[in-house]
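Have a look at the structure below, then the notes.
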Amino acid sequence: MRITYVEKTGRKKVRVTMDDGESFVVSERDWESFGGKAGEDLEDELILKLYREYMLPRAKFRALNLLKVRDRSRQELAQRLKMDGYPESVIKDTMAYVDSYHYLDDARFARNYVDYRGSRKSRRELEYELKMKGIDLRSAAEADEYLELPDDRETIQSILAKRWGSDMEPDPKEKERMMRYLGRRGFRGGDILSVYKKLGI
């Protein structure tokens, strides 16, 4: 496999791109120790050693550190490793490694995400945010009996209580302003009006 080019990226690091389009990032010092140069062939045995003895252990260590900070979805972790410069083959093996210890669980991630944010976000907002992390909220709810989707009307009432207190006597302009705010947050107009009516505002 031929090295197409080697370029500096970040502080004391280089990105190495191979003729198959795959690339990876290593420190300048480590790359120099392998002795590879642009335009030269990199022997398969050396590539295997580079991936298994250098890239994979570092990717595993990086993944565990990322998961130690906070729980992540499968897509999030894979994207983060890609951003760090690891090639697809190493990412795939790293994901298999963390899977073997059950460190990744998208249903659990969705449950924790909803438990933590569900009291102040609409279902639409939660669905959108989880979709960006590679998780379908409805599918996750079906897969996890402990995942309870929040009731938007209860969430709206909680938001109003925090904003207006127990008196709930906003002026007409404030009522309209809050309705627009809730609409932008993904709450349905019918649910907002239903809560307004229930609270007598």
Side-chain angles (χ1 to χ4, degrees), residues 1-118 120-121 124-137 139-140 143-144 147 186:
M1 190 176 292
R2 184 171 291 273
I3 306 169
T4 305
Y5 57 88
V6 179
E7 59 182 338
K8 285 192 175 183
T9 176
R11 187 177 180 183
K12 296 183 179 179
K13 290 184 177 180
V14 295
R15 178 179 295 278
V16 181
T17 302
M18 311 303 291
D19 57 6
D20 64 355
E22 189 166 56
S23 66
F24 52 87
V25 175
V26 296
S27 70
E28 287 184 274
R29 178 183 295 179
D30 288 325
W31 179 242
E32 287 172 2
S33 71
F34 281 98
K37 295 180 181 178
E40 293 182 349
D41 285 324
L42 198 59
E43 295 178 9
D44 289 345
E45 186 177 335
L46 184 56
I47 292 175
L48 195 60
K49 182 177 181 180
L50 177 65
Y51 277 29
R52 289 187 176 174
E53 296 182 18
Y54 177 82
M55 302 291 288
L56 187 56
R58 287 179 179 238
K60 288 178 179 178
F61 183 73
R62 176 62 170 155
L64 293 178
N65 277 336
L66 288 169
L67 292 171
K68 189 185 297 182
V69 174
R70 67 171 176 83
D71 201 11
R72 295 172 190 269
S73 68
R74 295 184 59 79
Q75 180 174 295
E76 269 189 309
L77 183 60
Q79 287 178 339
R80 188 58 187 269
L81 291 172
K82 189 172 184 178
M83 285 173 55
D84 288 343
Y86 293 103
E88 291 297 331
S89 55
V90 171
I91 293 173
K92 181 179 177 181
D93 288 344
T94 302
M95 299 296 284
Y97 169 76
V98 295
D99 274 338
S100 70
Y101 289 96
H102 307 290
Y103 291 148
L104 288 175
D105 184 334
D106 279 355
R108 181 190 67 218
F109 180 90
R111 182 176 70 243
N112 292 337
Y113 197 90
V114 170
D115 286 347
Y116 183 69
R117 296 172 172 81
R120 58 184 186 274
K121 292 180 180 288
R124 282 183 182 177
E125 201 168 13
L126 291 169
E127 286 176 356
Y128 174 79
E129 290 178 356
L130 285 169
K131 185 177 181 181
M132 294 298 99
K133 298 176 185 297
I135 298 174
D136 180 88
L137 180 56
S139 298
D144 187 346
L147 198 170

Let me confirm one number: the [atom1]-[atom2] distance from [X] to [Y], rounded to the nearest 0.5 Å.
{"X": "Lys131", "Y": "Leu126", "atom1": "NZ", "atom2": "CG", "result": "14.5 Å"}
{"X": "Thr94", "Y": "Leu77", "atom1": "OG1", "atom2": "CG", "result": "8.0 Å"}
{"X": "Arg120", "Y": "Glu125", "atom1": "CZ", "atom2": "CD", "result": "9.5 Å"}
{"X": "Lys121", "Y": "Glu129", "atom1": "NZ", "atom2": "CD", "result": "4.0 Å"}
{"X": "Glu76", "Y": "Leu104", "atom1": "CD", "atom2": "CG", "result": "10.0 Å"}
{"X": "Arg124", "Y": "Glu127", "atom1": "CZ", "atom2": "CD", "result": "9.0 Å"}

Positive for side-chain contact (heavy atoms from CB on, under 4.5 Å) with Tyr113, one of Leu130, Ile135, Asp71
Leu130
Can you confirm whether Lys60 is buried at NZ, in the sense that more than 12 heavy atoms of other residues, nucleotides or ligands lie under 6.0 Å from that atom?
yes
For Arg11, look at atom CZ and say whether over 12 heavy atoms of other residues, nucleotides or ligands are found less than 6.0 Å away.
no
To check you understand the geometry: which heavy-atom pair defines the closest contact between [X] and [Y], and what is its length?
{"X": "Leu147", "Y": "Ala110", "value": "CD1-CB, 3.8 Å"}
{"X": "Arg74", "Y": "Asp106", "value": "N-OD1, 3.0 Å"}
{"X": "Val90", "Y": "Ala59", "value": "CG1-CB, 3.5 Å"}
{"X": "Ser23", "Y": "Thr17", "value": "CB-OG1, 3.6 Å"}

List in chain and number order the residues that pass side-chain hydrogen bond (donor to acceptor under 3.5 Å, both in side chains) with Arg111, two or more places apart in sequence or in another chain; answer none if no residue qualifies.
Asp144
According to side-chain hydrogen bond (donor to acceptor under 3.5 Å, both in side chains), who are the partners of Thr9, at least two apart in sequence or on a separate chain?
none
Return yes if some donor-acceptor pair links the side-chain N/O of [X] with the main-chain N/O of [Y] below 3.5 Å, else return no.
{"X": "Ser73", "Y": "Lys133", "value": "yes"}
{"X": "Gln75", "Y": "Met132", "value": "yes"}
{"X": "Arg80", "Y": "Ala63", "value": "no"}

Does the side chain of Tyr51 reach to within under 4.5 Å of the side chain of Leu56, using non-hydrogen atoms?
no
N-O pairing of Arg52 and Asp93 below 4.0 Å
no
Between Lys12 and Glu28, is there a salt bridge with N-O shorter than 4.0 Å?
no
For the side chain to side chain donor-acceptor pair (under 3.5 Å) test, which of Gln79, Arg58, Arg62 pairs with Asp84?
Arg62
Between Tyr103 and Tyr101, how do the two ring planes meet: parallel, tilted or perpendicular, split at 30° and 60°?
parallel
I would like to know whether Ser27 and Tyr54 meet side chain to side chain contact (heavy atoms under 4.5 Å, CB included); could you show each step before the answer?
CA-CA 11 Å; Ser27 70; Tyr54 177 82; 4.0 Å; yes
